[in-house]
Amino acid sequence: MAPDSYVSYESPPPPIGSRRIACGRAFRLHRPQHTSRGTFMRLSRYFLPVLKETPSEAQIASHRLMLRAGMIKQASAGIYSWLPLGYRVLRRIEQIVHEEQQKAGHIPMLMPTLQSADLWRESGRYDAYGPEMLRVRDRQDRDLLYGPTNEEMITDIFRSHVSSYRELPMTLYHIQWKFRDEVRPRFGVMRGREFLMKDGYNFDLTYEDAMHAYNRHLVSYLRTYERMGLQAIPMRAESGPIGGDDTHEFLVLAETGESEVFYDSEITELTFGERKIDYESREECQAVLEEFTSRYARTDDTHVDTEFEEQVPEERRRRARGIEVGQIFYFGTKYSEPMGATVVDDQGNHVPVHMGSHGIGVSRLLGAIIEANHDDNGIIWPEGVTPFHVGIVNLKQGDEAADLACEQLYNAVVEAGLEPLYDDRSERAGAKFATMDLIGLPWRITVGPRGLKNGVVELTSRRTGESEELTPDQAVTKVAQIYAGKL
RNA sequence: CGGGGUGUGGCUCAGUCUGGUAGAGCGCCGCGUUCGGGACGCGGAGACCGAAGGUUCAAAUCCUUUCACCCCGACCA
């Protein structure tokens with residue numbers, strides 16, 4: 001299925017010409033900055049407020065690096081503005097989630113952030129949810145709430161419009177901002193109060209159908225996380241306030257994780273990889289689920305020492321910490337029954353639908369990815385989510401040969417379908433390298449008069465630090481090859 | 001919500017104990033010298049010290065109230 005139903009949120013940067021007028025600057029000495037794909041993304045005209053020192057509020061690596069790399073700015077406790085660089089990554093993650101959901105046959109939509117309290121009174125959760133729920137009142141004294149999740153609302157939509165089993169199975173999802181008034185937000189976007197989440201809801205006629213939806217989600221989540229360069233392990237978990245019987249959480253192993261986890265080390269060998277999957281096939285989805293969930297892997301909520309020892313040989317027992325980046329639930333008729341979401345089956349009976357809900361913490365994924373991908377110098381983006389695919393560093397701004405080579409490289413990279421970031425500032429080499437390392441673009445092309453005399457530029461991997469000298473054409477070709485199949 | 005802590009230029013902090021009217025480094029602006037891993041020199045701009053009240057001849061500093069943010073715990077995607 002073509003992932004054609006989502007939109008790109010980012011408009012192209014304002015043309016330099018219009019900025020001239022807006023800024024009242026009559027002249028700019030730069031050469032023309034338009035390419036066939038749009039405006040040059042040059043650092044001297046971008047908004048990338050990097051910090052040399054770490055703001056005192058940040059305790060863990062991802063939070064520290066997101067602040068230093070100019071990705072976010074705290075607006076108040078647990079609430080953040082997404083500055084241009086952070087916004088780019090957020091969008092890429094969002095886009096991967098959209099694509100993988102739609103490949104699995106799930107249908108995108110969008111529900112509001114503010115919900116009516118009446119809907120939540122129907123399910124009984126208005127009173128049950130507690131002070132985590134942000135409650136507001138409008139001018140007519142109506143009770144509203146800033147949604148922490150959307151089971152009630154989606155169930156209401158479903159019951160209003162679907163009445164026949166013939167319309168099932170159906171899975172709807174959206175990616176929307178949520179709010180949970182955590183007592184103690186921390187760790188930047190990993191534990192914010194406002195957060196962006198993909199939440200999806202399946203509607204099925206029978207338990208068996210609903211379990212297929214559950215399995216399908218598990219598969220799609222494995223693929224989603226792998227595309228982001230993450231290993232997220234499905235672990236048996238507690239259902240919490242959503243309720244339900246079957247549930248798995250997806251955890252990324254990291255020392256700064258909020259959950260303690262226990263698992264069989266064999267599980268970290270598993271990858272979904274490039275294999276093909278037919279989402280319609282119950283057998284295939286079921287097989288993947290069994291492959292990935294048969295070994296012991298639990299969060300501390302469901303962990304039992306004796307079972308761990310029985311099922312896992314001592315040398316494979318691992319105890320670690322993990323960041324939760326997603327969760328899938330089957331909860332049957334918990335909402336459909338009280339809220340009257342029924343369909344007519346082939347016998348003419350009105351039966352409540354079987355449901356499940358499935359979430360991916362989109363904004364917190366940035367934190368998780370950085371926790372798993374950084375070093376002392378900064379972030380190291382996996383190719384799948386990097387804000388720019390390659391950084392072009394001009395070591396001698398103003399040198400005619402270097403300037404020209406950089407702009408030609410820029411155009412060639414754009415022609416190859418990739419997005420470069422061109423550091424055209426009049427900084428010293430060290431400052432430019434430090435900035436590139438900090439913001440973590442996985443590939444850097446360094447252009448200087450010294451190399452150009454021999455007709456070469458330098459292509460450097462952020463992850464390994466390895467460099468090689470190539471002609472500009474070769475460098476672009478190589479970068480294009482690296483990204484082929486990863487986007 | 002319990003316990004602890006911090007609010008001083010954009011950032012990191014000193015100054016508070018022992019009141020006398022605000023400092024440093026980084027960043028920013030200008031000039032010059034530099035220029036392949038966060039350069040150096042000179043000059044400059046920028047803070048009514050979280051807010052409100054009080055004590056005092058005088059408050060960043062002492063007292064009261066209040067707000068915000070951070071950390072530990074409990075809770076949580």
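Scope of the values below: all heavy atoms of this structure, side chains included, with no hydrogens, waters or symmetry mates.
Applying the ring-ring contact (aromatic ring centres under 6.0 Å, His included) rule to A:Y126 yields no partners; only residues at least two apart in sequence or on another chain are considered. For A:E53, there are no salt bridge (charged side-chain N to carboxylate O under 4.0 Å, His left out) partners at least two apart in sequence or on another chain. Shown here are the salt bridge (charged side-chain N to carboxylate O under 4.0 Å, His left out) partners of A:R121, two or more places apart in sequence or in another chain: A:D118, A:D143. Among residues two or more places apart in sequence or in another chain, the salt bridge (charged side-chain N to carboxylate O under 4.0 Å, His left out) test is passed with A:R364 by A:E258. A:D399 is linked by a salt bridge (charged side-chain N to carboxylate O under 4.0 Å, His left out) to nothing, counting only residues two or more places apart in sequence or in another chain.
Between the OH atom of A:Y129 and the P atom of B:C76 there is a distance of 10 Å, given to the nearest Å. What separates CE of A:M190 from C1' of B:C75 is a distance of 17 Å, to the nearest Å. One atom, CG of A:D300, and another, C1' of B:A74, lie 14 Å apart when rounded to the nearest Å. For the pair A:L48 CG and B:G10 C1', the computed distance is 15 Å after rounding to whole Å. One can place CD of A:Q327 at 11 Å from P of B:C76, the figure rounded to the nearest angstrom. A:E260 places its CD atom 13 Å from the P atom of B:G73, with the value rounded to the nearest Å. In this structure, the CE atom of A:M66 is 18 Å from the P atom of B:C11, given to the nearest Å. We find that CZ of A:R191 is positioned 9 Å from P of B:C76, with the value rounded to whole Å.
For B:A68 and B:C29, the C1' atoms lie 32 Å apart once the distance is rounded to whole Å. On the C1' atoms, B:G54 is 11 Å away from B:A59, given to the nearest whole Å. Of the C1' atoms belonging to B:U8 and B:U16, the separation is 11 Å, rounded to the nearest Å. When the P atom is used for both B:C67 and B:A51, the distance is 15 Å, rounded to whole Å.
Within the structure, salt bridge (Lys or Arg N to Asp or Glu O under 4.0 Å) contacts touching residues 56-70 of chain A (residues at least two apart or in different chains) do not occur.
When both pairing distances are held under 3.5 Å, B:G73 makes a Watson-Crick or G-U pair with B:C1. Under the Watson-Crick or G-U wobble criterion, with both distances below 3.5 Å, B:A24 is paired with B:U12. B:C42 is paired with B:G30 under the criterion used here, namely a Watson-Crick or G-U wobble arrangement in which both key atom distances are under 3.5 Å.
No side-chain N or O of A:E100 forms a donor-acceptor pair with one of A:S220 less than 3.5 Å apart. Using modelled atom types and a 3.5 Å distance limit, the side chains of A:E151 and A:S357 yield a donor-acceptor pair. Side chains of A:S467 and A:E469: no donor on one and acceptor on the other come within 3.5 Å.
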Nucleic acid footprint by protein, nucleotides 25-37 of chain B - heavy-atom cut-off 4.0 Å, B for base, S for sugar-phosphate alone:
BSS------BSBB

Side chains of residues 451-458 of chain A: which donor-acceptor pairs under 3.5 Å do they make with residues two or more places apart or in other chains?
none

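Note on A:G192: a base of the nucleic acid sits closer than 4.0 angstrom, heavy atoms only.
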Identify all pairs in which a protein N or O lies below 3.5 Å from an N or O of nucleotides 68-70 of chain B, and state each distance.
residue : atom : partner : partner atom : Å
B:C69   : OP1  : A:A77   : N            : 2.9
B:C69   : O3'  : A:Q74   : NE2          : 3.1
B:C70   : OP1  : A:Q74   : OE1          : 3.4
B:C70   : OP1  : A:Q74   : NE2          : 3.4

